[in-house]
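Have a look at the structure below, then the notes.
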Amino acid sequence: MAHLLHLDASARSDSFSRELGAVFVTHWEDAHPEGTYTYRDLLAEPVAPIDEARVRLATQSSLNGVKDLAAMDEVAAAAPELAGAWAATRPFIAQLLAADVLLIGTPMYNFSIPAALKAWIDRVTLPWLPLAGKSAVILGARGGAYGPGTPRQPFDFQEPYLRAYFSALGLEDVEFVHTELTHAPVMPFLKQFRDAHEASWTTALEAVEALAAGVPAEARASRTVP
Ligand SMILES: Cc1cc2nc3c(=O)[nH]c(=O)nc-3n(C[C@H](O)[C@H](O)[C@H](O)COP(=O)(O)O)c2cc1C
C-alpha cells in the first residue's frame, strides 16, 4: 500500500505550487485507492531551525555508526543532553521513512528554496538516512523563467540543489515540474510574458496529472517554457 508524504513550502495561500500539489494529490488518490496520505504545511506548522544539540545528534550518530531509528534511540537514551533534540527530530524522520513518495510544493525564493523547506531538510537529514527506493516529486513555482537556454538558467539553485540533495541520500527517482513566469499575470511590465506563463501553467498541470497517474516519462509533455 503506497504512502504519500506531502509538504508545502509557499508563504502564500493563493499559491501556484500549492495548487499543483493539490492537483497531484487528487489524481494520486484516484490512481491509488488503497494509498495513504500525510500532509504538512511548513508555513502553518514550521519546523524549528536546528540548534547545537541537533548538530551534536548528527555527530554522535556518525561516531556511533548509527544506521537506523532504533540505534539512534539508544544513542539519544545514553546522552540525556541530546534527548530533546532527538524528540524534536524523530517524528519527522519516521514520517519520511514511512513514505514511498515524497511530494514537495516549493516556490523559488531568491533563486533557491524557501527557508521553511530548508529547515525541514536540516532537521530530518542525518548521515544514515536511507532514501533509496523512494521517489520524489517536486512542484516548483517561480516568477521568472529558468528553462534551458534562458538567460537566467544559471541562476536556478532550486532544482540543481534538490537534485544533488536527494541524489546524495540515494534517492535518484526525482521528478521536477515547474510553473514559470508567475509574475507575468500581475506585473504590467511583464505582460508580454502572460501567454508564456499560461502555456507553462497548462503544461505543468498536464505533467502533474500524468505523474500522479503513473504515466511513464516518455509519454509526458515537456516541463519548462521553451
Ligand atoms: C521572498 C521571495 C523571493 C523570490 N525570489 C524569486 C527569485 O529569485 N526568482 C524568481 O523567479 N521568482 C522569485 N520570487 C517569485 C516567486 O517565485 C513566485 O511568486 C512563485 O509563484 C511563488 O510560488 P507560489 O506561487 O507557490 O507562492 C520570489 C518571491 C518571494 C516572495
Side-chain angles (χ1 to χ4, degrees), residues 4-29 37-49 99 101-123 136-166 174-212 220-226:
L4 174 65
L5 171 60
H6 178 193
L7 307 174
D8 261 328
S10 171
R12 307 192 306 156
S13 49
D14 187 16
S15 143
F16 290 97
S17 58
R18 285 177 185 272
E19 191 171 339
L20 287 177
V23 169
F24 183 97
V25 171
T26 301
H27 288 265
W28 188 88
E29 287 182 331
Y37 173 69
T38 303
Y39 176 70
R40 188 173 183 107
D41 182 335
L42 296 174
L43 273 289
E45 290 184 277
V47 175
V101 182
L102 174 62
L103 175 68
I104 301 179
T106 177
M108 175 184 279
Y109 284 168
N110 298 307
F111 308 117
S112 185
I113 62 169
L117 177 56
K118 186 61 164 49
W120 179 86
I121 287 175
D122 289 344
R123 174 65 54 183
V137 176
I138 315 294
L139 306 178
R142 54 272 288 269
Y146 298 81
T150 60
R152 283 291 168 111
Q153 184 183 8
F155 288 64
D156 180 2
F157 295 95
Q158 185 189 39
E159 177 169 334
Y161 164 70
L162 289 170
R163 227 176 245 295
Y165 168 73
F166 284 116
V174 187
E175 296 278 357
F176 287 84
V177 177
H178 301 289
T179 185
E180 299 200 311
L181 296 163
T182 64
H183 278 162
V186 279
M187 304 285 184
F189 66 93
L190 292 174
K191 67 173 191 250
Q192 71 270 31
F193 297 116
R194 285 180 188 163
D195 288 348
H197 163 69
E198 280 303 320
S200 167
W201 178 242
T202 302
T203 304
L205 280 175
E206 287 168 3
V208 163
E209 291 177 16
L211 265 175
R220 293 197 299 263
S222 72
R223 297 164 300 161
T224 44
V225 176

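Please read these numbers as outputs of a predicted model, since none were measured by experiment. Residue numbers count from 1 along this sequence. Start at 1 and go down the list; that is how both ligands and their atoms are numbered.
Every residue two or more places apart in sequence or in another chain that forms a side chain to side chain donor-acceptor pair (under 3.5 Å) with Tyr37 is listed here: His6. Checked against salt bridge (charged side-chain N to carboxylate O under 4.0 Å, His left out), Asp195 has no partners two or more places apart in sequence or in another chain. For Arg123, the side chain to side chain donor-acceptor pair (under 3.5 Å) partners at least two apart in sequence or on another chain are Thr89.
Using a cut-off of 4.0 Å between Lys/Arg side-chain N and Asp/Glu carboxylate O, Arg152 and Asp156 are scored as not salt-bridged.
Residues lining ligand 1 at a heavy-atom distance below 4.0 Å are given as Ser10, Arg12, Ser15, Phe16, Ser17, Pro107, Met108, Tyr109, Asn110, Phe111, Ala141, Arg142, Gly143, Gly144, Tyr146, Thr182, His183, ordered by chain and residue number.
No side-chain heavy atom of Tyr146 sits less than 4.5 Å from a side-chain heavy atom of Glu159.
Evaluated for a side chain to side chain contact (heavy atoms under 4.5 Å, CB included) with Leu117, the options Leu43, Ile104, Ile138 yield exactly one hit, Ile104.
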